[in-house]
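Here is the structure we will look at.
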Amino acid sequence: MTRLAIAGLPRNYELLYEAIIGQNAALAQDIAALGPSPRQASLDEIGLKYRLVSHCGLSSEISHAETSRMLRDAVDRLSDSLRQKQAFLRAAETALQSIAGKPDQSLGSFMSEMEYLSTSLSNVLASEKEIEARLKSDVERLEAIELGIAAAHSASVTDKLTGIPNRIALNKAIADLYDREEGAAGSALIMVDVDDFKAFNSRYGTQIGTRLLKKLADLFRKSIKKNDLVARTDGDEFAFLFANVGMQEALAIADRLRASVEDHMTFAASDNAAPSGLTISLGIALSADATTASQLQANARVALHAAQSNRRQPVQAFGH
């Protein structure tokens with residue numbers, strides 16, 4: 001960043017991280033095309049183009065600013081139109097008073113006043129037509145902005161690598177759980193970590209590791225019901241939020257997840273290599289045992305660490 005004279009903003013760090021570590025060749029080319037000392041606005045345009053999480057808030061700010069400007073312009077145009085109508089009404093009233101006060105005025109004078117009114121009316125109608133066209137264009141633009149904000153929000157809660165929800169989505173789901181009037185009891189949070197994934201990447205390469213994470217996410221996605229959630233929360237970490245389950249059900253679900261990974265996540269790094277497989281550690285926490293969203297996640301993290309420390313018992317539950 002120093003060599004390219006790029007400001008040390010959090011969104012710029014994500015931009016370069018995604019280009020280099022995330023192996024996004026297209027994004028990296030777009031940044032390189034800007035040359036040294038790129039303008040921040042140009043960098044932000046790239047971040048918005050690729051819908052990076054740190055730029056989603058920026059997108060919303062830009063959209064809100066544009067919406068406010070459009071509404072102000074619309075108010076100004078409608079005010080101008082109202083003034084034109086009022087001017088026409090005053091002119092019409094003056095003409096009628098003139099006709100009523102001078103019943104013997106000449107035809108030429110009468111036609112002159114009618115021509116003036118006709119010109120004024122034509123100007124009002126032309127202005128109305130222009131305003132109608134501008135308002136129609138503004139409505140279309142507002143609809144596009146609304147779609148853009150929705151897309152930005154979707155991007156902010158979606159993991160770019162796997163397409164499943166991310167940590168932001170999980171945090172929101174847990175927060176919503178604790179905001180319910182009926183309380184948070186009745187849900188289970190299961191945190192999952194892929195065993196020895198860093199060593200796996202070092203041995204087989206990040207490309208194979210990326211493919212397996214995508215396959216794992218797809219397997220997890222198919223393992224949940226409509227009202228449940230699975231999210232990728234970190235490089236090789238996932239989390240599930242299950243509704244309406246107790247500890248025994250949560251333990252059974254975790255065992256099924258573990259067995260499903262061991263049965264389906266087998267691979268061969270080369271044609272001559274023996275098949276290998278992934279294993280996972282799982283930590284379970286119940287919402288009934290946590291008074292806050294952060295405590296629920298902390299409890300699940302404690303259980304996950306216990307599972308990681310004891311490979312013979314890869315499923316651990318907080319408090320059990």
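Here the structure is a predicted model, which means the values were calculated and not measured.
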Taking atom [atom1] of [X] as the centre, report whether more than 12 heavy atoms of other residues, nucleotides or ligands fall under 6.0 Å from it.
| X | atom1 | answer |
| --- | --- | --- |
| Arg311 | CZ | yes |
| Arg203 | CZ | no |
| Glu132 | CD | no |
| Gln86 | CD | yes |
| Asn244 | CG | no |

Expected output: side-chain [X] to main-chain [Y] donor-acceptor under 3.5 Å:
| X | Y | answer |
| --- | --- | --- |
| Asp159 | Thr162 | yes |
| Arg232 | Asp234 | yes |
| Ser202 | Lys198 | yes |
| Ser118 | Met114 | no |

Rounded distance (nearest 0.5 Å) linking atom CD of Gln316 with atom CD of Gln308 =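 The CD atom of Gln308 is 11.0 Å from CD of Gln316, to the nearest 0.5 Å.
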query = Taking atom CG of Asn166 and atom OG1 of Thr158, what is their separation to the nearest 0.5 Å?
reply =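 Reported value, rounded in 0.5 Å steps: 6.5 Å.
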task = Report the C-alpha distance between Asn123 and Ser127 in whole Å, list the side-chain angles of each, state the deciding distance to 0.1 Å, and finish with yes or no for side chain to side chain contact (heavy atoms under 4.5 Å, CB included).
result = CA-CA 6 Å; Asn123 290 337; Ser127 177; over 6 Å; no
message = Please determine whether side chain to side chain contact (heavy atoms under 4.5 Å, CB included) holds for the pair Ile253 and Arg256, giving the CA-CA distance in whole Å, both sets of side-chain angles, and the decisive distance to 0.1 Å.
response = CA-CA 5 Å; Ile253 290 171; Arg256 286 198 299 270; 3.3 Å; yes
request  = Check the angle between the aromatic planes of Phe240 and Phe242 and answer parallel, tilted or perpendicular using the 30° and 60° thresholds.
outcome  =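 Because their plane-to-plane angle is under 30°, the rings of Phe240 and Phe242 count as parallel.
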Charged N-O contact under 4.0 Å between [X] and [Y]:
| X | Y | value |
| --- | --- | --- |
| Arg77 | Glu130 | no |
| Arg258 | Glu262 | yes |
| Asp176 | Lys172 | yes |
| Asp218 | Lys222 | yes |
| Asp138 | Arg134 | no |

key: Heavy-atom side-chain proximity of Ser287 to Tyr178 below 4.5 angstrom   =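 Yes, close enough: below the 4.5 Å cut-off.
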same_hphob_cluster([X], [Y]) at 4.5 Å side-chain heavy-atom cutoff:
| X | Y | value |
| --- | --- | --- |
| Leu257 | Leu212 | yes |
| Leu170 | Val302 | no |
| Ile280 | Phe200 | yes |

Chi angles and distances behind the side chain to side chain contact (heavy atoms under 4.5 Å, CB included) call for Ser68, Arg72 = CA-CA 6 Å; Ser68 297; Arg72 287 194 299 270; 3.6 Å; yes
key: salt bridge (Lys or Arg N to Asp or Glu O under 4.0 Å) pairs, two or more places apart, involving residues 184-193   =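 Counting only pairs at least two positions apart or across chains, no salt bridge (Lys or Arg N to Asp or Glu O under 4.0 Å) contact touches residues 184-193.
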key: ILVMFWY clustering at 4.5 Å (side-chain atoms), partners of Leu78   =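 Listed partners: Ile131, Leu135.
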